[in-house]
Amino acid sequence: MRIDILTLFPGMFQGPLTESIIERARSKGLLDIHFHDLRTFGLNRYRQVDDTPYGGGAGMVLKVDVAVKAIEAVMDEGEKGNKRSKGNKGKPWRIYLSPRGKRLTQTKVERIAHKEDWLLLLCGHYEGIDQRIIDGGWIDEEISIGDYVLTGGELPAMVLIDAVARHIPGVLGKDESAAEESFSASLGRKKEYPHYTRPEEFHGLKVPDVLLSGNHKEIEKWRKTNLGA
Ligand code: SAM
């Protein structure tokens, strides 16, 4: 999957996207992540990217002309022959991370992972973005990672990438399967059963006998009855 990230703070992605499973996926070529500093699309000699809101109030708003220039620059790569998205006919699926968006769920994560192979993620900052970026058709979907407000869209973008990447074939090793996990279809979208490992007893806390029994049918039954709601 190719992912283009439009952000004012590309440095924030160091760490979450440069370590562990995601780093491995990138070095195997399963995730091809491109960072675009919105500032490079800024206007005038100050590289202006935002402005004060019409109607007054605190904060700065990402300018429509700047954002559209950046989005179209990424889309031009599709025109140039880099046709990657099966879901959206050679265009990236364009997501704006926003508290006003629809909530990110496991079902949505799976849908994105299975249907799209090219994402464009727009990260807002400060007060947000000019609504015309959405109303003008430059964004396909607004996604929120929860009902709280963060300082910018960078952390939500990383959450989305991490959750989606786990469903791309080859990203997880055989010991890390995403098939039977909390919210997966195979667990009826419920929360997973509890896990235990050695030692069998710790400070008087014992591992349930059934898990030590070797009786797979009984273990299966126990796990089913211990799913979270
Ligand atoms: N004024 C906006 C509001 O009240 O809805 C909040 C803007 S927030 C401080 C700045 C940026 O952070 C947003 O443009 C968005 O990209 C990102 N952001 C903040 N909270 C988010 C959330 N829960 N989910 C996704 N993105 C979020």
Side-chain angles (χ1 to χ4, degrees), residues 1-17 22 31 33-43 46-75 87-88 91-113 115-116 118-167 182-183 189:
M1 174 181 279
R2 173 173 170 151
I3 304 177
D4 288 80
I5 304 171
L6 303 185
T7 170
L8 283 168
F9 301 99
M12 283 183 73
F13 293 86
Q14 288 299 315
L17 301 190
I22 300 298
L31 271 183
I33 303 180
H34 299 248
F35 299 97
H36 306 272
D37 188 341
L38 281 166
R39 189 75 55 187
T40 61
F41 299 93
L43 308 173
Y46 302 106
R47 293 258 169 236
Q48 186 186 359
V49 291
D50 48 19
D51 211 332
T52 51
Y54 280 121
M60 297 294 274
V61 176
L62 179 67
K63 286 166 65 58
V64 61
D65 38 6
V66 171
V68 166
K69 198 161 113 187
I71 293 170
E72 290 188 341
V74 171
M75 292 176 70
N88 211 22
K91 289 193 292 175
W93 184 249
R94 299 158 302 180
I95 296 170
Y96 168 48
L97 286 311
S98 160
R100 282 166 51 96
K102 287 246 172 71
R103 185 88 63 85
L104 186 64
T105 61
Q106 190 71 6
T107 316
K108 197 183 272 298
V109 163
E110 288 169 15
R111 197 261 300 149
I112 293 172
K115 201 169 150 236
E116 308 300 337
W118 186 9
L119 301 180
L120 179 155
L121 306 180
L122 176 62
C123 306
H125 229 88
Y126 311 118
E127 194 54 33
I129 70 172
D130 190 311
Q131 181 62 28
R132 290 169 294 183
I133 301 165
I134 298 160
D135 296 346
W138 286 282
I139 290 296
D140 300 303
E141 187 173 16
E142 278 183 89
I143 293 182
S144 162
I145 63 160
D147 290 347
Y148 42 82
V149 176
L150 297 160
T151 53
E154 287 76 12
L155 286 168
M158 288 184 252
V159 167
L160 176 71
I161 292 169
D162 192 289
V164 167
R166 307 181 82 254
H167 293 273
S182 294
F183 317 115
R189 302 286 179 204

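This one's a predicted model, so the numbers in the text were calculated from it and none came from an experiment. We count ligands from 1, going down the list as the structure has it; atoms in each ligand are counted the same way. The analysis underlying the following values was restricted to heavy atoms, covering all of them including side chains, and did not include hydrogens, waters or symmetry mates. Position 1 is the first residue of the sequence; numbering continues from there.
- Protein heavy atom in closest approach to atom 13 (C) of ligand 1: Tyr96 OH, 3.6 Å.
- Taking CD1 from Ile161 and CG from Leu17, the interatomic distance works out to 5.0 Å, rounded to the nearest 0.5 Å.
- Every atom of ligand 1 with a heavy atom of Pro156 under 4.0 Å away is listed here by number and element: 25 (C), 26 (N), 27 (C).
- To the nearest 0.5 Å, atoms CD (Glu110) and NE2 (His167) are separated by 5.0 Å.
- For the pair Cys123 and ligand 1, the shortest N or O to N or O distance does not fall below 3.5 Å.
- Interface of Gly128 with ligand 1, defined as ligand atoms under 4.0 Å from a residue heavy atom, comprises 14 (O).
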Subject >> Pair Leu155-Leu97, side chain to side chain contact (heavy atoms under 4.5 Å, CB included): steps then yes or no >> reply: CA-CA 9 Å; Leu155 286 168; Leu97 286 311; over 6 Å; no
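- Atoms of ligand 1 lying under 4.0 Å from any heavy atom of Glu127, numbered from 1 in the order shown and given with element: 1 (N), 2 (C), 7 (C).
- Between Asp130 and Arg132 a salt bridge is recorded (basic side-chain N to carboxylate O distance below 4.0 Å).
- Taking any N or O of Leu97, backbone or side chain, at least one lies under 3.5 Å from an N or O belonging to ligand 1.
- Taking only nitrogen or oxygen atoms, main chain and side chain alike, Ile143 does not reach within less than 3.5 Å of ligand 1.
- What sits closest to atom 23 (N) of ligand 1 on the protein, heavy atoms only, is Tyr148 O, 2.8 Å.
- Within the listing of ligand 1, atoms 23 (N), 24 (N), 25 (C) sit less than 4.0 angstrom from a heavy atom of Ser144.
- Ranking protein heavy atoms by distance to atom 8 (S) of ligand 1, first place goes to Leu150 O, 3.3 Å.
- For atom 21 (C) of ligand 1, the closest non-hydrogen atom of the protein is Pro99 CD, 3.6 Å.
- Residue contacts with ligand 1 include Val149, since one of its heavy atoms falls under 4.0 Å from the ligand.
- For the atom pair CZ of Arg100 and CD1 of Ile129, the computed distance is 9.5 Å after rounding to the nearest 0.5 Å.
- Taking every heavy atom of Gly153 and a limit of under 4.0 angstrom, the matching atoms of ligand 1 come to 12 (O), 16 (O), 17 (C).
- Taking a 4.0 Å cut-off on heavy atoms, Leu62 fails to register as neighbouring ligand 1.
- Under the 4.0 angstrom criterion, atom 4 (O) of ligand 1 counts as lacking any protein heavy-atom contact.
- The aromatic rings of Phe41 and His36 lie tilted to each other, with the angle between the two planes from 30° to 60°.
- Note that the CG atom of Leu121 and the CE atom of Met158 stand 11.0 Å from one another [nearest 0.5 Å].
- Ligand-side atoms of ligand 1 in range of Tyr126: 7 (C), 8 (S), 9 (C), 10 (C), range being under 4.0 angstrom from any heavy atom.
- Within ligand 1, the atoms closer than 4.0 Å to a non-hydrogen atom of Ile145 are 24 (N), 25 (C), numbered from 1 in the order shown.
- Residue Asp140 is tested with Arg94, Lys91, Lys115 for a salt bridge (charged side-chain N to carboxylate O under 4.0 Å, His left out); the sole match is Arg94.
- A donor-acceptor pair under 3.5 Å is absent between the side-chain atoms of Arg103 and the main chain of Gly146, judged by distance alone.
- Using a distance-only test at 3.5 Å, with no hydrogens or angles considered, no donor-acceptor pair links the side chain of Glu154 to the main chain of Pro156.
- Here the straight-line distance linking atom CG of Leu8 with atom CG of Asp50 works out to 7.0 Å at 0.5 Å rounding.
- Ranking the protein heavy atoms by distance from atom 25 (C) of ligand 1 puts Ser98 N, 3.2 Å first.
- Atom CG of residue Leu104 and atom CD1 of residue Ile143 lie 5.5 Å apart, to the nearest 0.5 angstrom.
- Under 4.0 angstrom from ligand 1, the non-hydrogen atoms of Thr151 all belong to its backbone.
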